[in-house]
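Each remark here refers to the structure printed beneath this line.
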Amino acid sequence: MVIAAYVALPLIDKLTLRWFTRDISARGALVANALHDSTIDALASRDAHRLALLFDRTAQDERVFGIGLCSSDDLFARSSAFPAALSCADARQTAGKENPRVTLPGGAVLVTRHSLVAAETSVIEAEPASEMILLHDLSFIERRSLDTRRYLIAFLAALGFVVAIISMFVAQISWRGWIAGARALLRGEVGPAGPMPAELAPLADDLRSRLRQLEDEYRRARGPEAGWTPERLRGLLHAELRGDEIIVVSNREPYIHDLDQHGGARVRRPASGLVTAIEPVMRACSGTWIAHGSGTADRDVVDLHDRVAVPPDQPMYSLRRIWLTPEEEQGYYYGFANEGLWPLCHVAHVRPVFRESDWQTYRAVNQRFAEAVLREARTDDPVVLVQDYHLALVPALVREKLPQATILTFWHIPWPNPESFGICPWRREILLGLLGSTILGFHTKFHCKNFLETVDRFIEARIEHEHSVVAVAERETFVESYPISIEWPQPLEGDWASPSDCRRLVIERHGLPEHAIIGLGVDRFDYTKGIVERLNAVERMLEKYPSLIGRFVFVQVASPTRSSLDEYRAFQQQVERLSVRINSRFGAGRYQPVVFLAEHHDHAQLIELYRAADICVVTSLHDGMNLVCKEYVASRDDEQGVLVLSRFAGAAREMHEALIINPYHVEETADAIYRAARMSSGEQRERMISLRHTVRDFNVFRWAGRMLSDAARWRLRARVEERVRKHGLPEFGGR
Ligand code: F6P
C-alpha cells in the first residue's frame with residue numbers, strides 16, 4: 001500500500017494539475033468573452049481608468065489574480081493586483097509556453113492571453129494586437145491537491161487494513177485446514193485409504209518417506225524385534241509358552257487330496273488367505289490342525305484317527321480331518337457361513353440370507369469341531385487357534401469344557417458396524433460364542449472398534465475401552481488388531497525362474513503380443529473381489545487411452561469358489577460375459593485384451609504370473625486384508641512391477657506405496673492402471689523396495705508371534721490368578 005501511494009500520488013498531482021490548467025484556460029476564455037464588449041468600448045474611448053475599474057471588479061473572483069490589457073506592446077490598463085513589472089512582451093511569451101506559469105510574491109499564477117477582435121466596428125482594428133492578459137490564482141489547486149492526497153492516503157490505509165484483516169482470516173482458516181490435513185496424513189486417514197487434499201499432495205510423499213525412515217530407525221534401534229523367522233517363532237513358543245501344544249481349527253484344510261483320473265490321490269493347496277497365512281506358522285510350530293476334509297480322496301489317506309501328516313512331501317504337523325455330510329456342508333458352510341455371515345460382514349451390496357435350518361446345522365457342526373478340539377487336546381490348557389467366521393461358536397464351546405485353555409480366535413474377514421451386524425437374528429449367540437476366546441483378533445483397529453461397539457449394543461458386558469478388554473461374567477477377552485501377512489522369504493525362492501523367463505513363458509502360453517504390458521488379477525471367483533469393477537476399468541482405460549490397444553493385456557485368474565450358490569453363479573456368468581464383450585470391442589486377430597483363467601492355479605503357477613506381470617490389480621470392494629497384493633510384492637525380487645490396490649482392502653493401511661484406488665470409481669481405477677502402465681522403472685523400483693520392506697518386516701511369523709506372546713502374557717496372568725485363588729496371596733517374606 002505504501003509503494004502504491006508513493007507511485008500514485010505524484011501521478012495524481014500531475015493529472016489534477018493538467019485538468020485544472022485546462023479548466024482555467026477555458027474559464028479565462030469565458031472571462032475574456034464576458035469582458036469583450038465593455039473592454040472594446042473602453043478601449044475605443046481610450047478610458048484606461050474605466051477599464052481598471054472593470055478589471056478590479058472582475059478580479060474579485062478568488063481564482064482571478066489580475067487582468068491586464070495590452071494594446072500593442074503597452075500595458076494600457078490593469079487591475080490593481082496585476083504587477084506593473086510584468087511587461088506585455090513577457091506575459092505573451094509566458095502564455096505561449098507549455099506550462100504558462102510565473103511566480104509572483106503572492107504565489108504561482110497561470111498566464112493566459114486572449115485576443116480582442118471587433119468584427120463590425122473598426123476601433124480595435126485600428127489598435128492592432130490588443131490582448132487581454134489574465135493571471136489566474138493557482139493556490140486553490142495546491143489546496144485541493146493536498147485534500148486529495150489526504151483522502152487517498154486515508155483510503156489506502158483503510159483498504160490496507162481491510163485486506164490485512166481478510167488475509168489474516170483466510171490464512172487462519174487455511175492454516176487450520178492444513179494442520180488438520182497434515183494430522184490426518186500422519187494418522188494415515190488420507191492418501192492411501194482416503195482422499196488427499198490438493199495442498200498436501202506435494203508433502204505427502206516426503207512425509208511418508210520420513211515416517212518410514214523413522215520407522216526403520218525405530219526398528220533398527222529395537223534390534224532383535226526386526227526379522228521374524230520360523231526359528232524365532234519356534235523359540236518364542238518354547239521360551240514363552242514352554243512348548244505348549246498348538247491346535248489350529250478352521251473350516252478350510254491346508255492340503256486337499258482329490259482323486260485323479262487314475263484313481264490315485266492328487267494334493268491341492270486351496271486358494272484361501274487363511275491357509276496362505278496359517279500354514280507356514282504350523283510348519284514352524286508343529287501341532288495339530290483340525291479342518292473339514294473336503295477332498296474326494298481325503299478319506300483315503302488318513303489314519304484310524306482321521307489324521308494325516310502334512311506337508312505331504314515333508315511332514316511337519318498333523319492334519320485332523322472332520323467329515324461333514326452334504327447336508328451339513330450345505331447348511332453350515334454354504335448356508336449360514338457363506339449366504340449369511342459372509343455378505344453380512346462384507347459391505348458388497350449382496351443381501352445376507354439367514355435360515356433357521358442353516359443356523360441349527362451351523363451350531364451342530366461347530367459343536368463337532370469343538371469336540372474334535374477336546375479330543376485332540378493332550379492337556380487341560382492347550383493353545384487353540386480358532387479361525388474365521390465358520391467357527392464363531394467354537395471358542396465358547398471349548399472354553400466350557402477346558403476353562404484353562406488359551407483360545408486365540410482370528411476373524412479373517414471384516415467386522416461390520418453394529419447396525420449391519422444387528423441384521424443377524426443370532427447376533428447374541430455369535431458374540432457370546434466369540435467371547436469364549438482369550439484373545440480375539442481382527443486385521444484392523446477399525447474392525448476391533450466395530451466389534452466392541454457391537455458387543456456394547458447387543459449384550460450385557462463390561463468393556464474397558466482403554467485396554468480393549470471385554471468381560472462377560474468375569475471372563476475376559478482381549479480384542480486386538482493383528483494385521484495378517486504371508487511367509488517371508490517365500491518357499492523355494494531360489495528355484496524361481498527369472499522375471500524375463502517368466503514373462504516369455506506367460507507370453508507363449510497365452511499367445512500375448514511380444515511387447516505386451518501385462519496386468520494381472522488373482523482372486524477367488526467372489527463378488528467381494530471387485531472383478532466386474534476391475535474389468536470395467538480395463539475397458540475404460542482402453543477407450544480413453546487407445547494407444548494401449550494391441551499392447552495391454554489383462555490376465556485374470558479366478559479360482560472357482562462356492563459355485564453352487566446362485567449369487568456366485570450369477571456373478572461368475574456376469575464376469576465371463578463382460579470379458580467376452582471387452583475382447584470383441586478391442587480384440588483383433590490374435591490380440592485379446594482380457595485373458596480369463598477361471599481355474600485353480602497352484603503356488604508355482606501364480607509365482608510365474610506374478611513375476612511376469614507389469615501390474616497387479618487388487619480391487620476388492622471390501623476385504624479383511626487381501627494377501628494377493630503381498631504375494632505379488634514378495635515375488636518381485638527384481639524390484640519391478642506396480643501394485644494397484646483398493647482402499648477397501650485391509651492391506652491398503654500398510655502398503656502406502658501402491659497406487660491406491662476406489663474400485664467403485666471406474667475413471668480413477670482406469671487412470672491408475674494407465675499410470676502404472678507408464679510408470680518409469682526408477683519409480684517402480686522406489687515403490688517396490690519400500691513395499692518389500694513392509695512385507696518382509698511385517699510377515700506372518702510376526703503376526704503369529706505377536707498373538708502368541710500376547711497369549712503367553714495372558715496365560716501367565718491366568719496362572720498367577722489361579723494360584724492366588726487357590727492358595728491366597730503369599731505373605732510378605734513367605735514362600
Ligand atoms: O482370507 C481368508 C478367506 O477369505 C476366508 O475368510 C475364507 O474362508 C477363505 O479365505 C476362502 O474361502 P473358502 O474357505 O470358502 O474357500
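Just follow the structure's listing: the first ligand is 1, and inside any ligand the first atom is 1. The first residue in the sequence is number 1, and the count goes up from there.
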Only heavy atoms of [X], strictly under 4.0 Å: list the atoms of ligand 1 that pass.
X: L274; value: 1 (O), 2 (C)
X: H390; value: 8 (O)
X: R252; value: 13 (P), 14 (O), 15 (O), 16 (O)
X: I413; value: 6 (O)

| Does any N/O atom on Y333 come nearer than 3.5 Å to any N/O atom on ligand 1? |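 Between Y333 and ligand 1 (N or O atoms, distance only) the closest approach is under 3.5 Å.
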| said: Checking the N or O distance criterion of under 3.5 Å, is ligand 1 in contact with R562? | reply: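 Yes, since at least one N or O of R562 sits under 3.5 Å from an N or O of ligand 1.
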| Within 45° of the six-membered ring axis of W228 and under 6.0 Å from that ring's centre, is NZ or CZ of R696 located there? | no
| said: Quick check with a 6.0 Å cut-off and a 45 degree axis cone: is R320 positioned over the face of W289's six-membered ring? | reply: no
| message | Looking at F458, I want to see if its CZ is surrounded by more than 12 non-hydrogen atoms of other residues, nucleotides or ligands under 6.0 Å. | response | yes
| field | Shortest non-hydrogen contact between A277 and I484, atoms and distance | value | CB-CD1, 3.3 Å
| Does a side-chain heavy-atom distance below 4.5 Å link E253 with P270? |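 SC-SC contact between E253 and P270 ruled out.
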Heavy-atom nearest neighbour in the protein, as seen from [atom], with distance rounded to 0.1 Å:
atom: atom 11 (C) of ligand 1; value: R524 NE, 3.3 Å
atom: atom 1 (O) of ligand 1; value: G273 CA, 3.5 Å
atom: atom 9 (C) of ligand 1; value: S272 OG, 3.5 Å

Quick check against the 3.5 Å criterion: does [X] have a side-chain atom that pairs as donor or acceptor with the backbone of [Y]?
X: T454; Y: N450; answer: yes
X: R234; Y: A284; answer: yes
X: S481; Y: H443; answer: no

| task | Check each heavy atom of M625 against ligand 1 and say whether those closer than 4.0 Å belong to the side chain, the backbone, both or neither. | result | neither
| field | Proximity to ligand 1 by part of D388, non-hydrogen separation under 4.0 Å | value | side chain
